[in-house]
Engineer: 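One structure, as structure tokens, below. Some questions next.
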Amino acid sequence: CEVPTCSMCKVFGAHKDCEVAPLETVFQGQKTELNNCISMLVAGNDRIQTIISQLEDSCRSTEENSEAAKRELCARFDALAEVLEEKKSELLERITREQGDKTGFIQSLICRYKEQLEKSSRLVETAIQAMEETGGAAFLMGHGVLSMPRIVEASKGGRLEKIERGYESMDAFSVSLDHLAEAVQAVDFSP
């Protein structure tokens, strides 16, 4: 029952049925057993410390790997953004070139029509002045400048080149990015 007792209690007392051993033997046995337990605890503590060190290393590695993965992800998205910006610039340049070509052509037509209008207006003024002439001879002499074929030709000023209907449209430069938006929405980490 692990209770120290005297020889009288063992022979006549409450411990007469108990197994007994000398106090020094029990003391040495329990001391040895406690020493073994201490050794086991120390060994267990060493194993726990090793596990803690491994977990701390894993935690550090996880943080370092996460930072590297974040940098890589940012670099990939930055590269994609750069490709998109380059493509956007290229397409904007094409629209700008087409705009320049079309507006340049239209401006040249405007100049030619203005020249025609100016010639026609001068011819109208000359014709009006001729109409104010009351003398037949003076009228006929001035009429040489106002030859009918010349007036007829000037009246056909609308025969100059024209632009086609819808020429100013830039519908050809429409792009659909829906499939790219869907592809970007579907971007995820590889399993």
Engineer: Measuring from atom OG1 of Thr50 to atom CG of Asn45, what distance do you get when rounded to the nearest 0.5 angstrom?
Structural biologist: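 CG of Asn45 is found 10.5 Å from OG1 of Thr50.
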Engineer: Can you tell me if Leu23 has over 12 outside heavy atoms packed within less than 6.0 Å of its CG?
Structural biologist: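 Open: at most 12 neighbouring heavy atoms sit under 6.0 Å from CG of Leu23.
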Engineer: Roughly how far, to the nearest 0.5 Å, is the CD1 atom of Ile106 from the SG atom of Cys111?
Structural biologist: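 If I round to the nearest 0.5 Å, the distance is 12.5 Å.
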Engineer: Is the shortest distance from a Lys or Arg side-chain nitrogen in Glu118 or Arg122 to a carboxylate oxygen in the other one below 4.0 Å?
Structural biologist: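 A salt bridge is present here (some side-chain N lies under 4.0 Å from a carboxylate O).
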Engineer: Salt bridge between Arg112 and Glu115, side-chain N to carboxylate O under 4.0 Å?
Structural biologist: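 Salt bridge between Arg112 and Glu115, a charged N being under 4.0 Å from a carboxylate O: no.
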Engineer: When you look at CE of Met8, are more than 12 heavy atoms from neighbouring residues, nucleotides or ligands closer to it than 6.0 Å?
Structural biologist: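 For Met8, atom CE is not crowded (no more than 12 foreign heavy atoms under 6.0 Å).
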Engineer: Please give me the minimum heavy-atom distance between Lys102 and Tyr167, naming the atom from each residue.
Structural biologist: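 Lys102 and Tyr167 have their closest heavy atoms at NZ-O, 2.6 Å.
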Engineer: Could Lys70 and Glu67 be called an ion pair, given the rule that one side-chain N must be under 4.0 Å from one carboxylate O?
Structural biologist: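 Result for this pair is yes, salt bridge flagged.
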Engineer: In the structure I gave you, are the side-chain heavy atoms of Lys87 and Glu90 within less than 4.5 Å of one another anywhere?
Structural biologist: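 They are in contact (side-chain heavy atoms under 4.5 Å apart), so the answer is yes.
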Engineer: Mind listing the side-chain donor-acceptor pairs of residues 73-83 below 3.5 Å, one per line with the distance, residues two or more places apart or on another chain?
Structural biologist:
from, atom 1, to, atom 2, distance (Å)
Arg76, NE, Glu72, OE2, 2.7
Arg76, NH2, Glu72, OE2, 3.1

Engineer: Answer yes or no: is there a side-chain heavy-atom contact under 4.5 Å between His15 and Val3?
Structural biologist: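 Yes, at least one pair of side-chain atoms sits under 4.5 Å.
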Engineer: Donor-acceptor pair, Ser174 side chain versus Asp171 backbone, under 3.5 Å?
Structural biologist: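 Checking the backbone N and O of Asp171 against the side chain of Ser174, no donor-acceptor pair under 3.5 Å is found.
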Engineer: Under the rule for salt bridge (Lys or Arg N to Asp or Glu O under 4.0 Å), what residues qualify as partners of Glu33, not counting sequence neighbours?
Structural biologist: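 Checked Glu33 against salt bridge (Lys or Arg N to Asp or Glu O under 4.0 Å); zero matches.
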Engineer: Please report the shortest heavy-atom distance between Glu168 and Ile163, naming the atom on each side.
Structural biologist: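 Taking Glu168 first and Ile163 second, the nearest heavy atoms are OE1-CD1, 4.4 Å.
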Engineer: Enter the distance from Leu91:CG to Thr96:OG1 here, rounded to the nearest 0.5 Å.
Structural biologist: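 If I round to the nearest 0.5 Å, the distance is 10.5 Å.
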Engineer: At what distance, to the nearest 0.5 angstrom, does SG of Cys59 lie from CD of Glu64?
Structural biologist: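 Answer rounded to 0.5 Å: 10.0 Å.
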Engineer: A side-chain contact here means heavy atoms from C-beta on lying under 4.5 Å apart; do Ser58 and Ser61 qualify?
Structural biologist: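 Side chain of Ser58 against side chain of Ser61, heavy atoms only: no contact under 4.5 Å found.
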Engineer: Report the distance from atom CG of Asp46 to atom CG of Leu41, rounding to the nearest 0.5 Å.
Structural biologist: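 So the gap between those two atoms works out to 11.0 Å.
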Engineer: What distance separates Ile48 CD1 from Ser53 OG, expressed to the nearest 0.5 Å?
Structural biologist: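 It comes to 12.0 Å.
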Engineer: Do Val42 and Leu34 land in one hydrophobic cluster if side-chain heavy atoms of ILVMFWY residues count as linked below 4.5 Å?
Structural biologist: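 Hydrophobic grouping puts Val42 with Leu34.
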Engineer: Which heavy atom of Met170 sits nearest to which heavy atom of Gln99, and what is that distance?
Structural biologist: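 Where Met170 meets Gln99 most closely, the heavy atoms are CE-N, 3.8 Å.
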